[in-house]
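Taking it in order: structure first as structure tokens, then the write-up.
All values derive from a computational prediction rather than experimental measurement.
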Amino acid sequence: MNPEKLDLITLVGDVKGVESLDDDKINEINDHLLVESFEEFLEKFSPKIYSYYNAANQKVMYTSVKPQGIPENCITEIGLDQNNDFLKMLFTLIDTKKSQGSKNVDFKFENILDMISPKKVMEDIKQVRKEINYLYGKHEELDDEDPKKLDLGDKLNIKFEEASQNYNNVLGMLPLAIEDIKTRLLLGESQEESEAEAIEIGILTMDNQGELKILEAPEEEETALAVQNEKKTNDLIEIYEEDYEVITETPTPYVKDLVVRTFAPISSPTTDINVEKEVANYNNYLEFYKSSKDDFVKAAKPLVEKLLGVKMFFEQYDTKNRGMTPKLLVSNCKVDMLVKANNKPRLETFLNTVNAKNNFSETIWFGIVPGIELEGSNQVKTRRVRFKGTDKTKRKEGKTMESLTAILDTTKKYKIQIFFNFQADEETTFNDMATKGVEKYIDKTEKLTRQDYSEYIIPCIPNFTVIPKNKSGVVLDRKMTKTEHGGAILSKEEEDILKLWLEGVYIDASYVAAGIVAAYQCPEYLRDNFKKVSKNYPGVRFDIESGDNNLKVATTLAKEITGFTNSIKDSINRNDFGFVFSSENAQLDGKEIKRLTVYKARSLEMTEYGFDSIYKTLVSTYIERILRFKTSDFKQDKIVKFFSNNPKSQKSNWVNNAGYVNSILQDGDDISYNIDLESNTCQLDLTFNGNVKNLEVNITKSTSANAS
């Protein structure tokens with residue numbers, strides 16, 4: 001997420017001769033890597049893109065890793081946070097789709113995408129300008145020692161900080177420069193369709209015959225118009241000039257004037273404009289902005305898609321009554337690094353510390369591994385390239401299946417259920433699955449079945465589309481031309497429209513799947529949708545596939561397509577494969593469900609009935625951990641007491657509380673045990689609606705049991 005921040009491998013450190021980490025080390029890891037909200041995630045990891053200027057090719061270079069060998073003062077850090085225009089646009093798009101419930105084919109993506117155009121960036125600037133002018137006016141009306149004036153001073157400081165963010169960032173100033181030239185040459189958007197003409201401020205009058213005429217304004221009236229609120233405007237101009245001079249490392253008169261014109265515009269128009277030069281500047285700025293924004297998006301998009309995944313993980317916990325809030329431990333290092341031979345002992349020692357104790361406050365129950373590589377269909381090789389096509393060699397690098405299996409080999413004994421998905425692109429979306437089915441996913445995961453870790457691995461399909469590839473064009477603006485009369489006009493030629501292509505933006509399904517499963521572990525979350533919920537149990541036995549559960553516990557994301565065909569659904573039901581999301585038409589209590597729902601929730605554990613439900617493994621893990629805790633590490637006499645018919649036994653407690661949606665044992669469930677003294681094992685048979693799942697634990701013989 002941010003290579004400059006600490007990661008799990010670094011924090012764990014050398015573990016030679018160490019069986020377990022101490023409590024201080026776990027607290028340190030949590031301080032750096034554990035987050036309870038998207039806001040806390042942004043605060044702890046400060047994800048960013050780095051940029052620097054290359055004088056050799058006159059380009060802005062972008063990278064997600066801090067470049068080495070370049071002076072610090074030549075590197076600009078671009079924070080990917082709630083204020084970044086690219087992220088703001090994506091968040092707005094997701095929220096708008098959710099509120100409308102629109103499918104991808106019906107949604108007007110272009111209405112949101114232009115949020116990153118210079119025009120929309122300038123609108124945000126104008127809002128800041130309006131707030132500064134308002135606050136400054138209030139500030140100047142008050143006495144110097146008035147506490148209210150001091151409060152307004154604090155607010156003005158914050159607003160000026162917002163305004164000054166881009167003083168040193170020429171690229172950040174380009175949208176301002178672009179819109180500034182348009183404003184001065186075209187006098188605003190209302191004039192865009194016609195040629196701009198020379199301006200002389202006038203006044204509207206009637207002559208002696210009653211005819212309307214606009215006469216040139218007398219000198220004193222023009223001056224009066226220009227100096228309306230003159231003192232306030234001039235004071236602000238001085239403040240901005242001084243602020244720019246102090247903050248900027250290499251100030252220039254042009255940028256200083258640009259800052260002043262942007263944030264403290266004067267009411268009299270500038271008449272000494274070199275139209276030819278300004279038109280050339282405008283077109284140059286626009287081309288440079290388009291090229292730079294294009295390169296920025298290419299560098300930032302992989303990281304941005306990760307951020308969207310984290311945001312969607314937390315958003316699934318959609319309840320006002322906070323209870324068992326899901327937490328996310330971010331390793332902040334690549335999977336390949338985690339499973340390297342020299343690092344694997346560190347991961348094992350950490351997991352041994354948090355998952356192999358009877359204190360479950362730090363226990364990790366689930367894992368997320370997004371972006372596993374999925375080879376596409378074989379492309380037909382051509383002898384020569386006749387037309388420009390997609391560059392398949394530029395496909396982003398994903399995690400390998402080998403890395404995934406290496407992780408599973410380590411985590412299986414700690415009973416962590418891993419959600420994973422294949423790389424999120426146009427080949428793993430709802431649209432693709434609606435036409436091609438699930439067979440390619442089944443084929444690709446074949447090697448993960450019939451393994452001792454199969455029940456702990458959950459393939460999540462399909463991935464989610466934020467912006468479809470074919471609808472990801474952003475119109476930035478049109479080039480400007482000088483007219484034969486010395487004015488300026490925006491070009492109407494098609495080739496003069498500058499457009500930026502985002503090439504599609506997607507969300508990894510594993511984040512959403514893990515988010516919704518983590519959410520329904522909380523009784524408070526379940527209580528929002530169900531009447532009978534026990535506050536004493538987590539949602540380990542909650543079967544999202546049962547009845548209308550999936551409609552009551554829907555995702556927070558809007559539907560994407562009209563649904564899968566019957567043949568595709570027959571294939572999904574026949575194979576019972578994967579954690580499958582659905583975009584079907586559905587109603588609950590007469591209300592249309594406009595969100596994506598869960599259709600299947602299966603692991604890669606194969607039974608005679610198909611792939612197994614994920615809740616069975618979760619219940620098994622829960623019962624084993626409770627059994628270990630209640631029986632002081634599987635003491636024989638305490639196991640007998642655990643399963644006895646005594647009304648106070650744990651089993652009796654579960655049986656007597658079977659009427660809740662989150663009951664550990666529900667109607668049709670049972671649990672029995674058999675102790676084998678020769679092998680010192682206890683065989684548990686967990687029955688779920690007639691299907692039996694076996695669990696074996698090693699018992700500790702007690703003296704009282706031997707005596708009897």
Quiz item: When you look at CD of E495, are more than 12 heavy atoms from neighbouring residues, nucleotides or ligands closer to it than 6.0 Å?
Solution: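 Yes, the 6.0 Å shell around CD holds more than 12 heavy atoms from other groups.
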Quiz item: More than 12 non-hydrogen atoms from neighbouring residues, nucleotides or ligands closer than 6.0 Å to CG on D589, yes or no?
Solution: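 Counting other residues, nucleotides and ligands, CG of D589 stays at 12 neighbours or fewer.
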Exercise. Carefully, step by step, assess L135 and K159 under the rule side-chain contact (heavy atoms from CB on, under 4.5 Å).
Key: CA-CA 9 Å; L135 291 171; K159 286 298 168 187; 4.0 Å; yes
Could you tell me if the side chain of [Y] sits less than 4.5 Å from the side chain of [X], heavy atoms only?
X    : Y    : answer
V512 : F581 : yes
K594 : Q100 : no
N84  : I78  : yes
I507 : I94  : yes
F314 : E40  : no
V475 : D114 : no
S117 : D477 : no
V297 : Y62  : no

Would you call the rings of [X] and [Y] parallel, tilted or perpendicular, where under 30° means parallel and over 60° means perpendicular?
X    : Y    : answer
F611 : F577 : perpendicular
F420 : F422 : perpendicular
Y525 : Y317 : parallel

Quiz prompt | Residue pairs passing the salt bridge (charged side-chain N to carboxylate O under 4.0 Å, His left out) test where at least one lies in residues 569-584, sequence neighbours excluded | solution =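 Only K569-E584, D576-K600, D576-R602 qualify under salt bridge (charged side-chain N to carboxylate O under 4.0 Å, His left out).
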Quiz item: Given the rule in the side-chain contact (heavy atoms from CB on, under 4.5 Å) test, do N332 and K44 qualify, once you have shown the distances and angles that lead to the verdict?
Solution: CA-CA 11 Å; N332 200 35; K44 281 191 176 181; over 6 Å; no
Quiz item: Can K126 and E123 be said to form a salt bridge (Lys or Arg N to Asp or Glu O under 4.0 Å), step by step?
Solution: CA-CA 5 Å; K126 286 178 179 177; E123 283 182 8; over 6 Å; no
Quiz prompt | With sequence neighbours excluded, residues passing salt bridge (Lys or Arg N to Asp or Glu O under 4.0 Å) with K479 | solution =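 Once residues adjacent in sequence are excluded, the partners of K479 under the salt bridge (Lys or Arg N to Asp or Glu O under 4.0 Å) criterion are E287.
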Determine whether a donor-acceptor pair (N or O, by modelled atom type, separation under 3.5 Å) exists between the side chain of [X] and the backbone of [Y].
X    : Y    : answer
K471 : N104 : yes
D612 : S603 : no
N575 : S571 : yes
R129 : T262 : yes
E373 : Q423 : no
T429 : E426 : yes
T565 : I568 : yes
N2   : S46  : yes
S534 : N536 : yes
K301 : V505 : no

From [X] [atom1] over to [Y] [atom2], what is the distance, rounded to the nearest 0.5 angstrom?
X    : Y    : atom1 : atom2 : answer
L329 : I368 : CG    : CD1   : 11.0 Å
D425 : L374 : CG    : CG    : 8.0 Å
L42  : S37  : CG    : OG    : 8.5 Å
N550 : I516 : CG    : CD1   : 9.0 Å
I125 : L176 : CD1   : CG    : 5.0 Å
F45  : H32  : CZ    : NE2   : 10.0 Å

Is [Y] paired with [X] through a side-chain N to carboxylate O contact shorter than 4.0 Å?
X    : Y    : result
K98  : E315 : yes
K298 : D294 : yes
D432 : K436 : yes

Quiz prompt | All pairs passing side-chain hydrogen bond (donor to acceptor under 3.5 Å, both in side chains) where residues 496-518 contributes a residue, at least two apart | solution =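 The answer is N421-D508, N421-S510, S491-D496.
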Self-check item: Stepwise side-chain contact (heavy atoms from CB on, under 4.5 Å) check, E131 with K155
Solution: CA-CA 10 Å; E131 291 177 20; K155 292 178 180 178; over 6 Å; no
Going by side chain to side chain contact (heavy atoms under 4.5 Å, CB included), [X] matches just one of [options]. Which one?
X    : options          : value
F430 : E560, K559, K103 : E560
F542 : L526, V517, V619 : L526
D85  : K293, K120, M115 : K293

Quiz item: Does the ring center of F366 lie less than 6.0 Å from the ring center of F313?
Solution: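 Aromatic pair excluded; centres sit 6.0 Å or further apart.
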Exercise. For this output row, return yes or no: ring centroids of Y285 and Y289 closer than 6.0 angstrom.
Key: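 Judged by ring-centre distance (under 6.0 Å), Y285 and Y289 do not meet the cut-off.
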Would you say the side-chain atoms of [X] and [Y] include a donor-acceptor pair closer than 3.5 Å?
X    : Y    : answer
T319 : D528 : yes
Q316 : T555 : no
Y520 : N662 : no

Quiz item: For E524, what residues pass the side chain to side chain contact (heavy atoms under 4.5 Å, CB included) criterion, not counting sequence neighbours?
Solution: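 For E524 the side chain to side chain contact (heavy atoms under 4.5 Å, CB included) partners, ignoring immediate neighbours, are N321, C522, R527.
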Practice problem: Could you list the residues that satisfy side chain to side chain contact (heavy atoms under 4.5 Å, CB included) with Q666, not counting sequence neighbours? | Solution: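 By the side chain to side chain contact (heavy atoms under 4.5 Å, CB included) rule, Q666 matches R541, S663, D669.
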Exercise. Begin from the C-alpha positions of F564 and Y599 and carry the test ring-ring contact (aromatic ring centres under 6.0 Å, His included) through to its verdict.
Key: CA-CA 11 Å; F564 299 129; Y599 195 69; 7.4 Å; no
Quiz item: Who pairs with F91 by ring pair (Phe, Tyr, Trp, His ring centres under 6.0 Å), at least two apart in sequence or on another chain?
Solution: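 For F91 the ring pair (Phe, Tyr, Trp, His ring centres under 6.0 Å) partners, ignoring immediate neighbours, are F38.
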Exercise. Mind listing the closest non-hydrogen atom pair of V60 and D295 along with its distance?
Key: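 Residues V60 and D295, closest heavy atoms: O-OD2, 4.0 Å.
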Quiz item: For the residue pair T428 and P462, what are the closest heavy atoms and their distance?
Solution: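 Result for this residue pair: O-CB, 3.4 Å.
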Practice problem: Verify side-chain contact (heavy atoms from CB on, under 4.5 Å) between K306 and M1, making sure each step is shown before the conclusion. | Solution: CA-CA 8 Å; K306 286 183 192 176; M1 295 297 186; 3.9 Å; yes
